[in-house]
S.K.: 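First the structure, which I've put down as structure tokens, then a few questions once you've had a look.
As a basis for the values below, the full set of heavy atoms in this structure was taken, side chains included, without hydrogen atoms, waters or symmetry mates. Residue numbering restarts at 1 for every chain, and letters A, B, ... go by the order of the sequence lines. Being a predicted model, the structure only gives us computed values, none of them experimental.
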Amino acid sequence: MSGSGEAEPKVLPEGILAELRALTAHYPQKRGALLPILNRLQEWRGHLAPVDMRLAGELTGVAPADVFSVVTFYTMYRQRPAGRFPLGVCRNIACWINGSEQIVATVKDELGIAPGETTADGRFSLEEVECLGSCGTGPCLEIDSRYFENLTPDKVRALLARLSRADGDRSAAILAAQREERA
Amino acid sequence: MKTYLSNEFARRDPLLLVEAQAKGRYQQAKRVFTSLTPEQVVDEVKNAGLRGRGGAWFPTGIKWSFMPKELKGPSYLVINADEGEPGTFKDRQIMEKDPHLLLEGIMIGSFAIRAQTAFLYIRGEYLTAHDALATAIAELEAAGILGDSAFGSGRPMRIVLHRGAGAYICGEETALLNSLEGRRGEPRPKPPFPAVWGAFGRPTSVNNVETLANVPAILERGAAWFKTMGTAQAPGHLLFGVSGAVERPGCYELPLGTTARELVEKHAGGVKGGKKMRAFIPGGASTGFLPPDRLDVPMDPESLRKEGTMLGTGGIIVIPEGIEIVDAARVFSRFFRHETCGQCSPCREGSAWSDQVIGRFQNGEGRAEDFALLEDIMRGSKQRTICVFPEAFAGPLGSAIKHFRSELTQVSAQRAVGRAATEGTALHG
């Protein structure tokens with residue numbers, strides 16, 4: 001499975017480091033910036049590597065073991081790479097009543113991955129997630145916290161086809177797909 | 001009926017500051033900052049009888065009055081935008097479509113408790129709402145409304161937007177405070193309550209998004225106006241969610257005390273596809289199941305308490321015929337098992353154990369003595385932990401047993417037959 005292998009070392013750009021330092025100023029105790037810093041680091045790398053947790057700890061004065069205990073508490077933090085487009089399908093009540101199992105089945109049919117798996121080319125991964133607050137617009141799927149709502153199997157197929165062709169900036173590709181889907 | 005919370009919900013993009021000001025927004029915040037005292041604001045909100053819309057229904061003005069009047073050092077307003085109760089999607093509408101409605105409420109609320117900094121804690125998944133709020137806060141800073149001297153009052157005011165990272169329990173206010181401080185989102189023992197020891201060890205009031213969105217209208221039109229809507233004990237409008245199997249799921253602004261029937265049948269267009277209703281959930285996952293013959297219950301905290309449940313967040317979920325209660329209950333037991341923070345053993349073990357037992361009924365292995373076992377698990381965890389999470393997971397569990405006991409037994413028996421048949425085939429095939 002590619003995507004989880006050893007990627008080339010990634011060096012944090014100076015600009016992001018400056019952003020992270022600035023975050024600590026918003027809180028009466030530097031530790032308050034821990035989640036915002038982890039969020040930004042994961043947005044950049046796609047997951048949190050040990051070096052990211054170490055840096056977050058240094059910036060906030062929190063011991064590495066303590067940072068690790070925080071990272072393991074929150075479901076949005078990933079310690080391993082996911083697919084380039086990590087699909088999170090809501091499995092809670094309203095989405096489930098309206099067909100979330102069909103959405104998962106469609107992804108499985110199209111990409112050959114079950115929840116917890118990543119495609120061989122590393123482009124997509126799939127997981128089931130809990131309530132996203134899209135109960136009035138389910139079934140819902142999120143990709144890096146961008147929502148795709150009122151889904152049908154056809155809409156899912158169109159979305160996957162579009163993202164299969166999307167290269168370049170990841171966030172931009174997700175937003176473009178979202179715009180197209182809503183249009 | 002005139003609405004005051006949802007006027008902008010049909011928009012595609014969020015209302016901008018110039019548009020908001022053209023509609024008269026921020027006039028109340030300005031009046032408050034330049035001509036009222038904190039006591040006057042607290043009294044108006046207290047007199048209006050506004051109660052917290054996050055699910056606990058505690059009177060907002062009274063919560064604010066717990067905050068110290070004489071301060072040495074900072075105090076904070078913390079906004080709970082960690083909306084995560086299954087069936088609830090109201091705060092998201094406010095933040096995505098009308099962020100300035102919330103931000104004006106935050107300014108007024110901060111003034112009322114003498115806080116010069118507000119932390120807006122929004123769940124990590126609400127990135128679109130986060131972006132709308134970030135833009136709106138930047139607009140206010142550029143206009144000098146937020147900054148060193150709000151409305152030229154000489155009083156500083158700033159709002160810090162803070163994203164969470166995925167944890168249902170952070171909707172519990174002291175878990176949220178720990179999370180804001182960069183810790184695991186584990187609820188704190190109380191006392192001390194947040195008004196004494198809150199964010200970063202300072203006096204803090206934690207208020208829900210929709211609660212604060214009510215405040216500008218109360219200041220504009222007065223407590224007497226507010227009390228003309230809703231019930232005597234719970235005045236005002238509520239953003240009711242209706243989801244599940246209905247024709248027109250959505251967020252409907254109506255007076256508290258509106259019946260569940262009116263919401264489901266009139267506003268949401270009835271059960272999807274003309275099916276019958278098997279059950280409904282009145283106010284989010286933790287309020288549990290009610291049978292359809294309770295649809296005429298008025299949706300307010302007191303009426304639902306009489307039904308043995310709660311109004312919660314007012315998010316109705318409709319379960320249609322064709323869906324078994326045991327399967328819906330399993331969706332919830334799995335959710336609560338996943339979301340327990342794990343620091344108190346009765347909750348950590350109780351949520352997992354009850355999920356296992358419900359799983360037996362789902363798989364055709366339910367036993368008669370399992371009902372007593374479930375009751376025992378609930379009794380052994382409720383009121384024995386730091387927060388009310390066991391009360392939450394007992395909601396769907398207890399109501400399934402109370403209202404749908406024979407159905408649970410029946411479905412389990414049917415599925416036992418199905419299992420036997422399959423296993424038989426496997427053995428002989």
S.K.: Measure the shortest side-chain to side-chain distance between Lys108(A) and Ile113(A) over non-hydrogen atoms and say whether it is less than 4.5 angstrom.
M.R.: no
S.K.: Parallel, tilted or perpendicular: which fits the ring planes of His267(B) and Tyr252(B), with parallel below 30° and perpendicular above 60°?
M.R.: tilted
S.K.: Can you say whether Gln29(A) sits under 4.5 Å from chain B via the side chain, the backbone, both, or neither, judging by heavy atoms?
M.R.: both
S.K.: Roughly how far apart are Ile79(B) CD1 and Met95(B) CE, rounded to 0.5 Å?
M.R.: 10.5 Å
S.K.: At a heavy-atom separation under 4.5 Å, does Ser134(A) approach chain B through its side chain, its backbone, both, or neither?
M.R.: both
S.K.: Quick one: what part of Asp66(A) sits under 4.5 Å from any heavy atom of chain B, side chain, backbone, both or neither?
M.R.: neither
S.K.: Taking Ala33(A), Ser69(A), Pro36(A) one by one, which has the highest count of heavy-atom pairs under 4.5 Å against chain B?
M.R.: Ser69(A)
S.K.: At a heavy-atom distance under 4.5 Å, which candidate from Glu339(B), Arg158(B), Glu83(B) has the highest pair count against chain A?
M.R.: Arg158(B)
S.K.: Regarding Gln42(A) and Tyr77(A), do their side chains bring together a donor and an acceptor under 3.5 Å, going by distance alone?
M.R.: no
S.K.: At a heavy-atom distance under 4.5 Å, which candidate from Gly182(B), Pro249(B), Cys251(B) has the highest pair count against chain A?
M.R.: Gly182(B)
S.K.: So for Arg146(A), is it side chain, backbone, both, or neither that comes closer than 4.5 Å to the heavy atoms of chain B?
M.R.: side chain
S.K.: Can a donor-acceptor pair be found between the side chains of Asp121(A) and Thr119(A) at a distance below 3.5 Å?
M.R.: yes
S.K.: If you tally heavy-atom pairs under 4.5 Å against chain B, which of Gly138(A), Ser145(A), Cys95(A), Ala94(A) wins?
M.R.: Ser145(A)
S.K.: Going through the checks in order, is the side chain to side chain donor-acceptor pair (under 3.5 Å) test met by Ser125(A) and Glu117(A)?
M.R.: CA-CA 6 Å; Ser125(A) 56; Glu117(A) 295 178 352; over 6 Å; no
S.K.: Please confirm whether the backbone N or O of Gly314(B) pairs with a side-chain atom of Lys90(B), one donor and one acceptor, at under 3.5 Å?
M.R.: no
S.K.: Which of the residues Val160(B), Leu127(B), Asp91(B) is involved in the greatest number of heavy-atom pairs with chain A at under 4.5 angstrom?
M.R.: Leu127(B)
S.K.: Does either side chain, that of Arg188(B) or that of Asn178(B), offer a donor lying less than 3.5 Å from an acceptor on the other one?
M.R.: yes
S.K.: Between Ala167(B), Gly124(B), Gly250(B), Ala268(B), which shows the greatest number of heavy-atom pairs under 4.5 Å with chain A?
M.R.: Gly124(B)
S.K.: Just by distance, with hydrogens left out, do Glu85(B) and Ser286(B) show a side-chain donor and acceptor under 3.5 Å apart?
M.R.: yes
S.K.: Looking at Val129(A), Asn92(A), Leu34(A), Val70(A), which one has more heavy-atom pairs under 4.5 Å with chain B than the rest?
M.R.: Asn92(A)
S.K.: I need the contact set between residues 14-27 of chain A and chain B: heavy-atom distance under 4.5 Å, sorted by residue number.
M.R.: His26(A), Tyr27(A)
S.K.: Where do Lys272(B) and Asn98(A) land on the side chain to side chain donor-acceptor pair (under 3.5 Å) test, with the steps shown first?
M.R.: CA-CA 10 Å; Lys272(B) 201 172 176 179; Asn98(A) 287 302; 3.0 Å; yes
S.K.: Using a 4.5 Å heavy-atom cutoff, which residues in residues 163-182 of chain A come close to chain B?
M.R.: Gln178(A), Arg182(A)
S.K.: May I ask you to check whether Ser179(B) and Tyr74(A) show a side-chain donor-acceptor distance below 3.5 Å?
M.R.: yes
S.K.: Name the residue from Ile316(B), Leu290(B), Ile317(B) that meets the side-chain contact (heavy atoms from CB on, under 4.5 Å) definition with Ile281(B).
M.R.: Ile317(B)
S.K.: For the CZ atom of Phe332(B) and the NE2 atom of His338(B), what is their distance to the nearest 0.5 Å?
M.R.: 15.5 Å
S.K.: Check the angle between the aromatic planes of Tyr76(B) and Phe200(B) and answer parallel, tilted or perpendicular using the 30° and 60° thresholds.
M.R.: perpendicular
S.K.: Name the orientation class of the two ring planes belonging to Phe336(B) and Phe389(B) (parallel below 30°, tilted from 30 to 60°, perpendicular beyond 60°).
M.R.: perpendicular
